[in-house]
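Following: one structure in structure tokens, then a few remarks.
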Amino acid sequence: MEVDKDLKQFLKKIMAFANKTGIAYRTGNIYGGLAGFWDFGPIGVEIKNRIKDAWWNEFVRNRDDIVGYEGAIITHPKVWEASGHLSSFTDPLIFCEGKCKKKHRLDHLLEDQLKIQTEHLNLEEMGELVSKEGLVCPECGGNLGKPITFNLMFNTQVGPVKDSASVAYLRPENAQLIFSGFRNVIDSTRVKMPFGIAQSGIVFRNEISPRNFLFRVREYELMEFEYFTDPQKTNDCPLFHEVAGTKINVFSRKEQIEQTSEEYLSMSIQEAWENEFFKNKWQAYWLATFNNWFTDKMGINGKKLRFRQHLESELSHYALDTWDIEYHYKFGWKELMGCANRTQYDLKQHQKYSKAKLHFNETDETGVKRYIPYVVAEPSVGLGRILLTVIADGYQEETVKDRKRVVLKIHPNLAPYDVAVFPLQKKPQILAKAQEIFKFLRANGLTVNFDENGSIGKRYRRHDEIGTPFCVTVDFETLEDENITIRNRDSMEQTRVHIEMLIEELKKLGNNYLAAKMI
RNA sequence: GCGCCGAUAGUCCAGCCUGGUAAGACUCCUGUCUGCCACACAGGUGACCUGGGUUCAAAUCCCGGUCGGCGCACCA
């Protein structure tokens, strides 16, 4: 298929580009690599940290209604029992030892062939049934091997004694730390409904086959928050007017099933809400808010984003409704972010399993109200996926004077360096002046790179590749009149300003970035 | 996890069929020159994924493993 070919070539190119420029490398590369795990290089870690800071600033520091949290990576095993991750995600599997070598879900196989319920059976009993009934592979008629269990959670042993009581799990999502720590937060802070608890952290999923560079990996940083409301007030969203006019692309379950639209319908979030696409108003609010964050703060092209509703069959065990924000890559639409309506499911489960009281008390004119909070929305996004999307969206190849120019047109606030400083020549006076400006910019809080190597053109191109928005060049005239050249990454235009105006001018040019991008 | 295909410098790639220890381009480093968009001159660093086997000799042939691509399955 053509799409597959494009996918392969595009990701291959991005992967080679990331490796070349120091964004990301295969982990343990000198030993051949390890599937599903990646290291971030000097450039990648800068971009990544800036994305993460932007997220935390936007959704925690600059908001009155969200607080931060950081749970342990190795988590109490009971947490995953209560959440349903242990039972829902342990699948009994059996392999064909005949011709086809296919893997089958053992429980489904027994249900299909023997017409029995398997819920009460353990792995051993199911295995015995296979040999007793002489079951064979439904595909090729070959013999079936020994059954195994597979769970997407990584586990480990805590302490020196290896027994079943010492098994613990590496978290597959941050959410459960927030739910199991919920009581602590409401008891130790003075949060008022509605509010959110946010966490950014590394999670682990033992994916069967990690694929597509940073897209499907086994270890990644997940940035998510749970937004809680009174279950009676899931549509009571006083902030909605702030985003009401946001233009969005909607691809709901109806469009997907009935194929009334091939890709999406365009409308405002207000119209989408009025047309009852969403089950609660807060979820609509948060989807629109993230849409705007992706375009305004991440510099991602809004025309390439759409909201896709999960089909019934895709929903996770805890979700009433889930919407993904997808990005249109050169190889098709792919999930960038998920936003689930988790209802009261998780808090109720933890209350049941732990016997802790996880309700919230609220006092108003009518008296004291007590309820289990309702998670209207869980915006959950992988940092690596944003990084990949920012790079894929920003990566441009242009032809300048018959030669290829590679430019990473990313938002200036995400660039690994704010500015690069070049001496036009390696003459001592110019070098000294350039060093002076370099230190001056750094003292003013900018991330600066000094580059004196090779020709001036090469230096511009090198910084184009890693997305440095501005280069400042010091020449002979600078020594006379203190004027320097600022060169713009995207337009390659040069402006001449006095050193005293430099910082102001850089800020101005940076602020013009989005406006310029729209043209 | 199965099947098919692949893996040679930082990058792109030649060589593999027909065994004799590797070429080119770009990048990178040094020096000279030039002096605002990778293009001058000279020199230099740098590679056969890994472990076995066959052979006098393996990048090359054979087997296992790792990683990657695609397909199947899986994907909270």
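Throughout, a chain's letter reflects where its sequence line sits, starting with A, and its residues are numbered from 1. The basis for the numbers below is simple: all heavy atoms, side chains too, and nothing from hydrogens, waters or symmetry mates. This one's a predicted model, so the numbers in the text were calculated from it and none came from an experiment.
- If you check B:rC36, B:rC37, B:rG68 against the side chain of A:Thr473, the one that comes closest is B:rC36.
- Nucleotide B:rC72 is matched to B:rG1 when pairs are restricted to Watson-Crick or G-U wobble geometry with both distances under 3.5 angstrom.
- Side-chain proximity of A:Tyr460 to B:rG35, B:rC37, B:rA76: nearest is B:rC37.
- To the nearest whole angstrom, the two P atoms, one in B:rC4 and one in B:rG65, are 12 Å apart.
- With a 3.5 Å ceiling on both atom-pair distances, the Watson-Crick or G-U wobble partner of B:rA7 is B:rU66.
- Regarding A:Tyr345, its OH atom lies at a distance of 15 Å from the P atom of B:rA76, rounded to whole Å.
- Dashed line: the shortest gap from a side-chain N or O of A:Asn453 to OP1 or OP2 of B:rC28 is not under 4.0 Å.
- Listed nucleotides B:rU11, B:rC36, B:rA76 differ in distance to A:Ala16; the shortest reach to its side chain belongs to B:rU11.
- We find that CZ of A:Phe422 is positioned 13 Å from P of B:rA38, with the value rounded to whole Å.
- Nucleotide B:rC61 forms a pair with B:rG53, judged by Watson-Crick or G-U wobble geometry with both contacts under 3.5 Å.
- Two rings, from A:Tyr220 and A:Phe215, have their centers 6.0 Å or more apart.
- Base pairing of B:rG31 is made with B:rC41, judged by Watson-Crick or G-U wobble geometry with both donor-acceptor distances under 3.5 Å.
- Here the separation of B:rC16 from B:rA73, taken at their P atoms, is 39 Å to the nearest Å.
- Nearest to the side chain of A:Met15, among B:rG69, B:rG10, B:rA76, sits B:rG69.
- Straight-line distance between the P atoms of B:rG24 and B:rG68: roughly 32 Å, to the nearest whole Å.
- Using a 30° and 60° split on the angle between ring planes, A:Phe225 and A:Phe59 fall in the tilted class, from 30° to 60°.
- Closest to the side chain of A:Arg216, out of B:rC75, B:rG10, B:rC36, is B:rC75.
- B:rA76 and B:rU66 have their P atoms separated by 26 Å, with the value rounded to a whole Å.
- Using cut-offs of 30° and 60° on the angle between ring planes, the pair A:Phe228 and A:Phe179 is perpendicular.
- The residue A:Leu315 sits apart from the nucleic acid: no heavy atom pair falls under 4.0 Å.
- When each of A:Phe450, A:Phe438, A:Phe470, A:Tyr460 is paired with A:Phe422, the ring pair (Phe, Tyr, Trp, His ring centres under 6.0 Å) condition holds for A:Tyr460 and for no other.
- Using P as the reference atom, B:rC56 and B:rG51 are 23 Å apart when rounded to the nearest Å.
- Residue A:Glu378 contributes atom CD, which lies 10 Å from atom C1' of B:rA76 at whole-angstrom precision.
- Counting to the nearest Å, the C1' atom of B:rC39 and the NZ atom of A:Lys458 are 9 Å from each other.
- The side chain of A:Arg205 lies closest to B:rA76, out of B:rC74, B:rG10, B:rA76.
- We find that CG of A:Asp490 is positioned 18 Å from P of B:rC37, with the value rounded to whole Å.
- The side chain of A:Arg487 approaches B:rC37 more closely than any other nucleotide in the set B:rA76, B:rG35, B:rC37.
- Taking atom CD of A:Gln425 as the reference point, atom C1' of B:rU32 lies 13 Å away to the nearest angstrom.
- The side chain of A:Ser455 places no N or O atom within less than 4.0 Å of a non-bridging phosphate oxygen (OP1 or OP2) of B:rU34.
- Rounded to whole Å, the distance from CG on A:Asp451 to P on B:rC28 is 9 Å.
- Within 4.0 Å of A:Arg462, counting heavy atoms only, lie sugar-phosphate atoms of the nucleic acid but no base atom.
- For A:Phe251, the ring pair (Phe, Tyr, Trp, His ring centres under 6.0 Å) criterion is met by no residue, not counting sequence neighbours.
- One P atom belongs to B:rG19, the other to B:rG43, and the distance between them is 36 Å to the nearest Å.
- Base-pair partner of B:rA14: not found among the strands shown (Watson-Crick or G-U wobble, both distances under 3.5 Å).
- Picking from B:rA76, B:rC36, B:rA38 the nucleotide with the shortest atom distance to the side chain of A:Pro172 gives B:rA76.
- Distance check on atom P: B:rA59 versus B:rG20 gives 9 Å, rounded to whole Å.
- Using the six-membered ring where Trp is involved, A:Trp80 and A:His85 have ring planes that are perpendicular, over 60° apart on the 30 and 60° scheme.
- The CG-P distance, from A:Leu152 to B:rG1, rounds to 14 Å in whole Å.
- As rounded to the nearest Å, B:rA47 and B:rU8 have C1' atoms that lie 6 Å from one another.
- Under a 4.0 Å N-O distance rule, the pair A:Lys433/A:Asp475 does not qualify as a salt bridge.
- Checked for salt-bridge contact, A:Arg385 and A:Glu221 miss the test: no charged N lies under 4.0 Å from a carboxylate O.
- Across all strands, A:Asp464 comes closer than 4.0 Å to no nucleic acid atom at all (heavy-atom distances).
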